[in-house]
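Written out below as structure tokens is the structure these notes cover.
Please read all numbers here as calculations on a predicted model, not as lab measurements.
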Amino acid sequence: MELLTINNDHIEDISFDEVTSIQIPLSTVKPFIQANTIEVTFDEVKRDHIIPVFIKDNEPLISHTDFIETVMSVASEIYSQETILSPSIRVSHPIKGRIPVAKNKAANELLEHEKTLYYERMAFIIEVPTVYDDIDGNTLSLTIGGVKAYNLDTLTNKSGSDQHFKVFIGFKNSVCTNLCIYSDGLLKDLKVSSIGQLKGCIRTMIENYNVGLHLHSMRKLSEFSLTEGQFAHIIGKMRMYHHLPKDIQGGMTPLLFGDTQVSAVVKDYFNDDSFCKDLDGNINLWRMYNLLTGANKSSYIDNFLDKSANAYQFVEWLRFTLEGNANSWYLN
């Protein structure tokens, strides 16, 4: 596959395996998700992590590296004139094993070559920094990525069965590495059985994504503000939401954030260096949105992208209400 080198004067096509040798910068040096994840390099995943298989016929699933390379390939084709950074990868839930000859050894006696490892869950982002804009003093750069969680797949099936992926295109806020994602740029329940199908779905998603519309909608958030009283009212309703009867919940904007993350939003309302309230206690919706996406960094990989999109949906409905075009229960 092809990747673009970072050179403002000359763009040269290189193979993906040569990325490390020319030291293309990572898409972010700060974690875009935290929770219980750790950072790994693409080379480490490709070299050291085994690939899960379908139990019935021992055929391999689409690996984490296959997934990342497929997204990178499509991004390189569509944004062939842009700079593309190397992927930043976070993983969680290690699945450890050992080779057969070491089956009777105590765990503390295992040699490194006798151990096997793969991570059940993986998230990554690929930044396109030459496609960017500014909102309320924050630089946003186009970002593409995805999530793979093998726990969603049925490994007892035969090869050819559907495998689950989540893929997105949106923006990364350079101030805080918060991801800005909305529903039109997210495939949150993609099921495919081959790399070819995966590539086709990713291409369709990227080609259908309207960069200008997404930026325009986010920029509108900075034009509307909440008073301290309105903010406090919304926080109270957010805490109430999960205790409402299900039939009532179904008629309002859903909320995927729990009490711990809502508490983080309140804390950052007072203390965040970039997105806290102003001196009068007011906070614009762009800042409110970033408080939510910041709190989302504590989410597990499985529901990280779902909550990212939910943060935008939630704040957008607040904007519609302030404009007089909707009626949000959270502001009533």
Side-chain angles (χ1 to χ4, degrees), residues 27-28 32 74-75 78-85 125-146 166-188 202-227 230-231 234 253-257 265 272 274-275 277-278 282-296 304-328 330-331:
S27 293
T28 176
F32 60 93
V74 177
I78 294 177
Y79 296 103
S80 60
Q81 301 303 310
E82 306 294 344
T83 294
I84 300 179
L85 304 188
I125 62 172
I126 299 166
E127 187 178 351
V128 187
T130 49
V131 180
Y132 66 94
D133 209 328
D134 180 276
I135 296 179
D136 204 24
N138 303 152
T139 299
L140 307 181
S141 55
L142 187 69
T143 301
I144 306 165
K166 299 176 189 285
V167 193
F168 78 91
I169 180 169
F171 282 85
K172 186 198 78 175
N173 191 332
S174 299
V175 171
C176 49
T177 67
N178 293 354
L179 295 183
C180 303
I181 301 168
Y182 80 142
S183 57
D184 287 355
L186 173 64
L187 298 176
K188 64 180 181 179
I202 294 168
R203 174 176 289 278
T204 298
M205 179 196 70
I206 295 177
E207 290 178 340
N208 289 340
Y209 171 68
N210 189 325
V211 174
L213 178 60
H214 190 190
L215 286 169
H216 172 74
S217 299
M218 289 192 292
R219 186 170 287 107
K220 292 283 288 184
L221 297 178
S222 65
E223 300 174 7
F224 296 86
S225 293
L226 302 168
T227 65
Q230 287 175 317
F231 176 82
I234 290 168
T253 306
L255 179 70
L256 302 184
F257 291 77
V265 169
D272 189 271
S274 302
F275 304 113
K277 66 181 180 65
D278 64 21
N282 300 327
I283 184 169
N284 70 34
L285 292 185
W286 171 250
R287 292 190 171 201
M288 175 72 172
Y289 174 48
N290 276 276
L291 294 186
L292 284 166
T293 54
N296 187 39
F304 174 66
L305 294 182
D306 303 70
K307 287 187 176 182
S308 294
N310 180 241
Y312 180 79
Q313 180 188 23
F314 181 84
V315 177
E316 186 176 49
W317 272 100
L318 294 181
R319 174 173 73 85
F320 291 160
T321 300
L322 293 175
E323 285 180 321
N325 297 321
N327 185 20
S328 174
Y330 299 92
L331 269 172

Q) Take atom CZ in Phe224; do more than 12 heavy atoms of anything else shown fall under 6.0 Å from it? A) yes
Q: Working to the nearest 0.5 Å, report the span between CG of Leu291 and NZ of Lys277.
A: 12.0 Å
Q. What is the distance from atom NZ of Lys172 to atom OG1 of Thr28, rounded to the nearest 0.5 Å?
A. 4.0 Å
Q | Minimum heavy-atom distance between Leu179 and Thr143, given as atom pair plus value | A | CD2-CG2, 4.4 Å
Q: Supply the atom-to-atom distance Ile206 CD1 to Phe168 CZ, rounded to the nearest 0.5 angstrom.
A: 10.5 Å
(Q) Can a donor-acceptor pair be found, under 3.5 Å and without considering hydrogens, that links the side chain of Ser174 to the backbone of Thr139? (A) yes
Q | Listed partners of Leu187 passing side-chain contact (heavy atoms from CB on, under 4.5 Å), at least two apart | A | Leu190, Cys201, Met205
Q: Find the distance between CZ (Arg287) and CG (Leu292) and round it off to the nearest 0.5 Å.
A: 14.5 Å
Q. In terms of side-chain heavy atoms, does Tyr209 have a donor or acceptor partner in His214 at a distance below 3.5 Å?
A. yes
Q: Go through Asn310 and Leu255 one step at a time and tell me if the side chain to side chain contact (heavy atoms under 4.5 Å, CB included) criterion holds.
A: CA-CA 7 Å; Asn310 180 241; Leu255 179 70; 4.2 Å; yes
Q) So do the side chains of Leu331 and Ile234 get within less than 4.5 Å of each other, counting heavy atoms only? A) yes
Q | Sub-4.5 Å side-chain heavy-atom contact between Ile135 and Leu140 | A | yes
Q. Do you know which two heavy atoms are closest between Val211 and Phe171, and how far apart they sit?
A. CG1-CZ, 3.6 Å
Q.
Under the rule for side-chain contact (heavy atoms from CB on, under 4.5 Å), what residues qualify as partners of Ser308, not counting sequence neighbours?
A. Ile181, Asn296, Phe304
Q) Is Thr130 reaching over with its side chain to a backbone N or O of Thr83, donor-acceptor style, under 3.5 angstrom? A) yes
Q. Any idea which heavy atoms bring Ala295 and Val265 closest together, and the distance?
A. CB-CG2, 4.0 Å
Q: Say whether, by atom type as modelled, one donor and one acceptor occur between the side chain of Ser27 and the main chain of Glu127 under 3.5 angstrom.
A: yes
Q | Of Tyr182, Tyr330, Phe320, Phe257, the residue whose pairing with Phe314 passes ring-ring contact (aromatic ring centres under 6.0 Å, His included) | A | Tyr330
Q: State, yes or no, whether a side-chain contact exists between Asn290 and Asp272 at a heavy-atom distance under 4.5 Å.
A: no
Q.
Strictly by salt bridge (Lys or Arg N to Asp or Glu O under 4.0 Å), give each pair with a member in residues 311-320 just once, sequence neighbours left out.
A. Glu316-Arg319, Arg319-Glu323
Q | From Leu85 atom CG to Ser141 atom OG, the distance as rounded to the nearest 0.5 Å | A | 8.0 Å
Q. How far apart are the closest heavy atoms of Phe275 and Cys176, and which atoms are they?
A. CE1-SG, 3.7 Å
Q) Is a side-chain donor or acceptor of Asn173 paired with a backbone partner of Asn138 at a separation under 3.5 angstrom? A) no
Q) Would you say Leu256 and Lys307 make side-chain contact, with heavy atoms under 4.5 Å? A) yes
Q. Is there a donor-acceptor pair under 3.5 Å between the side chain of Ser222 and the backbone N or O of Asp136?
A. no
Q: Could you tell me whether a side-chain N or O of Asn208 sits under 3.5 Å from a main-chain N or O of Thr204, the two making a donor and an acceptor?
A: yes
Q: Name all residues meeting the side-chain contact (heavy atoms from CB on, under 4.5 Å) criterion together with Asp133; count only those two or more places apart in sequence or in a different chain, and write none if there are none.
A: Leu215, Arg219
Q. Side chains of Thr293 and Asn178: do they bring a donor and an acceptor to under 3.5 Å?
A. yes
Q: Would you please name every residue forming a salt bridge (charged side-chain N to carboxylate O under 4.0 Å, His left out) with Lys166, sequence neighbours left out?
A: Asp306
Q: Please name the pair of heavy atoms, one in Ala75 and one in Ile144, separated by the smallest distance, quoted to 0.1 Å.
A: CB-CD1, 3.8 Å
Q.
Suppose we screen for side chain to side chain donor-acceptor pair (under 3.5 Å). Which residues come up paired with Tyr289, at least two apart in sequence or across chains?
A. none
**Q.** Where Gln230 and Leu226 come nearest, the two heavy atoms and their spacing
**A.** OE1-CA, 3.4 Å
Q. Would you say the side chain of Leu322 lies within less than 4.5 Å of the side chain of Leu285, judging by non-hydrogen atoms?
A. yes
